[in-house]
Every structure is written in C-alpha cells, then in structure tokens.
Amino acid sequence: MTPLETVAAGFTPYPAEFAERYRAAGHWRGETFGRMLRERATAHGERIAVVDPGGHSAAREERRWTYAELDRRADRMAAGLIARGIRAGDRVVVQLPNAAEFFEVVFALFRIGALPVFALPAHRYAEIGYFCAFTGAAAYVVPAVEGGFDYRELASRVRAESPSLRLVLVAGEDAGEHVRLADVPCDGPGPSAHPSPGDVAFLQLSGGSTGVPKLIPRTHDDYIYSLRGSVELCALDEGSVYLCALPAAHNFPLSSPGSLGTLYAGGRVVLCPQPSPETAFPLIEREGVTVTGLVPPLALLWLDAAERGARGHESLEVLLVGGAKFSTEAARRVRPVLGCTLQQVFGMAEGLVNYTRLDDPEELVTTTQGRPISPDDEVRVVDDQDRDLPDGVTGHLLTRGPYTIRGYWNAPEHNAKSFTADGFYRTGDLVRRLPSGHLVVEGRAKDQINRGGEKVAAEEIENHLLAHPAVHDAAVVSMPDPYLGERTCAYVVLKPEHRQAPPKGVELKRFVRGRGLADYKVPDRVEFVEAFPATGIGKVSKKDLRAAIAASLARP
Ligand code: OOB
C-alpha cells in the first residue's frame, strides 16, 4: 500500500449525503491548509504572523515572522522534507515546544500532504513509541533539550525500535546523531500534487478512555470549517493578537480559535514559552495580546496574580477557558479581575466545540459551557438506552456534524462502541441542555480523569500498574482537587505473597514513571486495599472507590 492508501484505509469518511449537505451549506469550501497560508501571504505578506520570544532550545533569540516569511519557510521546508524522502500520506510525529518551528514544520507537512501526528511535550517513550508504531511514522520531530529533558535520547530509543522511522529531526543547535531541522530546508522541487480538501490533514490525539490512546483523523475541509466558525464567534480579525500559552499542538490552543484560527483571520500568534502569569503578563503587555485560551487551573492562577496586583494583562479583550469544567465562582471573577470578556469553551479533539457567545448575558457565560459552533451540529442528550431526554435533564451527550469525526483512525472495534450506527459520536460526557441550546457539563461517564484539562485514561494507567510484580489488581479513579479539579488515585490490591512486605506507594509511582509515561499520568496517590468494592454484577465499583477517596480527603 502507498502511504496515501494506508491513511485512507484507516479513515471513516463522511457519508456522501452529509458531505454534500455540508458543502451546500457553505461549511466546506474546498480550502486546504497549504493554500490558506499562501492566500494569507498574498493578502497581507508583510504583516507579522508569528512571534516567538525565543529562549528555548530551538532558538535563543526572538523571531518575528511575517506571513510571507512563514509561507516561504514552509515551502523550503517542504522541499527539504521531500528531498529527504517524505511523501504524501507519510505520518510524522511532531513533538515541539511552543516555538516558531512548529508552524514551519506543520505547514510544510500540510503542503506535502504528509500528516502531522500531534504529540505533546509531556509525552515520553510509552506514548511516542506507540504513536510511531501504530501510525508507521516515517519521521519524528523533536527539540534538543526542553524543560531539562533530552528529547534526542528519547528519539534514539524510539528509533531503535520503530522500523518505519527513517528520519529524526531536531530543532536546536546540537542534533546529536540525528538531523538538524535547520539543515532541512532547501530550494528543491516542491510537492508534485496538492492534497484534496477532503483528505486527512493530520492525526490528533484523543484524551482516551482505553488502554492505548486513539488517533483522530481530521480533514482540511472539516477542520478549516471549525476554524472559520471559531474565528467568527470569537470575533477574531487582522488586528487580533492571540497568545498561545497552552502546548501548541493541543486542539484547544490550535483551533479554538487558537493559533490556526488566528492565522486564518490574518492576525498575529504570540508563542508563550510558559503559561505562568510571570511569563505571560509581560509578554501580553509587550505584544498587545488581545485574546488567549487557558485551562481552568491556569485561569485561577492568572486571576489570583491579577488580584494580588500583577499587571500587564490589560490589553486582553477575551479570555477563553475550557478543557475542563470552569467553576461558576471562578467564572464570575474574570470580568471584574481581568477586565475582559470570558468565553467558555467545551470542545473535544474529535470535533464538536461549544462556545458561550460574546454577547451572551453574564449569567449564561458564567454558568454554562456554551453552545455548538454550527447550526448543523446535531446534539442529542440521551439516557442509558439511547432514548432522547428533554431539556434540563442530564444525560449522555451524542453528537454528529460538519467537523466531528465518524471514526477513530484504524480502530474498527473501538469505533463500533464509540459511535452509534447512524454516526453519532458518544462523547462520554454527561450534560444538561438549556432551552437556549447552551450545554452545562455535569459529569462524565467515560473512564477518564480530567486533571485540569490533561486527560488520563484509567485503563492505560491500570495496565502499567498491573505490570508490577506485586500488583494483583488496580483501579484508577479521580479524586477532587481544589486546584486541578481532579487528580488521580490508584487503588491497588496486592498479590497475597506481597502483603507481608508491601511496596510503598512511591515505589509504584516510580515504577509507572520508569515505564516511560508522561508525568501527568503518574498516579497522584496510591491506596492499598484488600479487595475492590463490587457492583451488582460483580464489576469493580469505581463509583464507590471515588466516594471512598473523596470522603477520606474530606476528613480533617
Ligand atoms: C479539549 O479537548 P480534549 O480532546 O482534550 O478533551 C475533550 C474532553 C471533553 O469530552 C470533556 O470531557 C472535557 O474534555 N472538556 C470539558 C470542557 N472542555 C473539555 N469539560 C467541562 N467543561 C469544559 N469546558 O479539552 C478541548 C478541545 C477544544 C477546545 C477546548 C477544549
């Protein structure tokens, strides 16, 4: 199979009648990312597209790239990647910090029709090795050293065990045994064919609730529609300056409206190396930032800093908060403390994104998670038997629409469970709908912990715990946390022969970390029990475990 055939084989296309409807409605306009950048460069070539303050391993100095420069760089990077054997349909794992190179590489891949696989800087051997193997990645792009971690070493290890991986590119001075990203661009021939708007543009990661993360195939047509819709609802234009404070590859800072939405609007993206108020506020002031997106724990940090008198945030007009539930109490503080409009976002990498509107009454803005971008987003709230529930009653959120996937990439068995027969995605979220269409997130039915926006799939961590020689069984649940909303608690039953001299909790944490897992997935707490509480039919009752840890935390 050619790389393009491999991509297509794992992709569940939109049924023809839906595709036609989305085109007729003007949602899908036949745009592609490669052409979008070219058009913006033609329309406003000399305007600044990306500001990277530097100070990371990719570049020490500040860079300010115009649209024309980003466009030219993407072309030269594409030519260089082609010269090194990257072809349309190839998968390329991209794990970069918030650096200008992220856009140079990603737009080059878009132009070639190669697919970025968006990894997060926190991912380690367990995740990256899996992405490379599962996607059959041809290349892997990393920084040299970031946050004290040497990604070149990780890449060497991954490369030794991924037969498909032909190329490792390092953004930074010293690439070690790999290739310097800066040595790739050239003036050679560009791509011979353009990707089609209906092609898969990239693979995004799902938060996941299963043993291994699922990959989300997004097309140019569908993703660009979500950008256009977001740009409109967040009122972005050429004067907008978006601060990318969260990891650039995550769906929220990428597209809601995010850096890609900002570039779509002809605005300016300012990359923030760290989301702390100490780093972000001076950058906001210096660059005249007008809009940014944060997860709730960071929004709390910014609110507290501003209340203590920290300055610099004054140019902010809109603050988007999403990724996890933002408490009404915190939401009410945004306007008085930061002097800007709050926009709640309830989105998912699989598609559907809800926003509160800029002109919604304050009550809706502070107590709901918004309503869908599109009039063609279909939202159902159902009971356990998939029967529709009336407004006001909490149930499972199902959705289908012009930018929501019809299936995970290459996961037929999982897709049979995650989608209804008529193509609705089972989000795993429990919501209540108001007559206005606004949704209130009330909880979650999927086996996932939302650690301040970072998603942890319980089963994935349980599998790692089960690999420990002393562990008989493991159940990972959420426990309430005032700062992150939730943290992870691992309940563990030891094998009988290990009960006399049990391992300590820290030992199990170290064990999990040692298996090469992202730090945020290491259990925050480990509790040993003799047996798990069971449900009526004998399954582990996670509900009882959650209640037990919550009660124990509530005791003084
Ligand atoms: C965003 O995307 P993901 O894929 O990391 O996570 C999606 C899940 C949702 O299914 C929901 O469980 C949770 O994250 N979530 C929220 C929320 N926003 C996301 N739960 C409560 N309140 C919210 N406002 O997290 C994401 C993608 C695009 C835009 C914003 C967030």
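Just so you know, these numbers use all the heavy atoms, side chains as well, and skip hydrogens, waters and symmetry mates. Remember, it's 1-based here, ligands and their atoms both numbered in the order they're listed.
Close approach of ligand 1 to Lys325 (heavy-atom distance below 4.0 Å) involves ligand atoms 20 (N), 21 (C), 22 (N). Within the listing of ligand 1, atoms 22 (N), 24 (N) sit less than 4.0 angstrom from a heavy atom of Gln369. The ligand atoms of ligand 1 that sit less than 4.0 angstrom from a heavy atom of Ser256 are 28 (C), 29 (C). The atoms of ligand 1 that sit less than 4.0 Å from any heavy atom of Asn251 are 27 (C), 28 (C).
Considering Gly293, Gly207, Ser226, Gly347 only, the shortest heavy-atom separation from atom 7 (C) of ligand 1 involves Gly347. Among Met348, Lys455, Gln344, the residue whose heavy atom sits closest to atom 6 (O) of ligand 1 is Lys455. Heavy-atom proximity to atom 12 (O) of ligand 1, evaluated over Asp429, Thr368, Leu246, is greatest for Asp429.
Residue contacts with ligand 1 include His250, since one or more of its heavy atoms lies under 4.0 Å from the ligand.
Distances between N or O atoms of Lys446 and those of ligand 1 include at least one value under 3.5 Å. Polar contact with ligand 1: absent for Val353 (N/O pair, distance under 3.5 Å).
The pair Arg333-Glu362 does not count as a salt bridge, with every side-chain nitrogen at least 4.0 angstrom from each carboxylate oxygen. For Lys446 and Asp429, the salt-bridge test passes: some basic side-chain N is under 4.0 Å from an acidic carboxylate O. Using a 4.0 Å cut-off between charged side-chain N and carboxylate O, Arg218 and Asp199 make no salt bridge. Between Glu454 and Lys521 there is no salt bridge, since no side-chain N of the basic residue sits under 4.0 Å from a carboxylate O of the acidic one. Comment: Glu350 does not engage Arg406 in a salt bridge, judged by the lack of any side-chain N to carboxylate O separation of less than 4.0 angstrom.
Side-chain atoms of Thr427 come within 3.5 Å of backbone N or O of Leu397 as a donor-acceptor pair.
Within the 4.0 Å heavy-atom criterion, neither part of Ser206 lies near ligand 1.
Nearest non-hydrogen protein atom to atom 24 (N) of ligand 1 is Val345 O, 2.7 Å. Looking only at heavy atoms of the protein, atom 15 (N) of ligand 1 is closest to Gly323 O, 3.4 Å. The protein heavy-atom contact nearest to atom 4 (O) of ligand 1 is Ala349 N, 3.0 Å. Of all protein heavy atoms, the one lying nearest to atom 23 (C) of ligand 1 is Ala324 O, 3.4 Å.
Taking the six-membered ring where tryptophan is involved, the planes of Tyr520 and His123 are tilted, since the angle between them lies from 30° to 60°. Between Phe33 and Phe107, the ring-plane angle classifies as perpendicular under the 30° and 60° cut-offs.
With Glu486 as reference, Arg444 is the one residue of Arg546, Arg525, Arg451, Arg444 to meet the salt bridge (Lys or Arg N to Asp or Glu O under 4.0 Å) rule.
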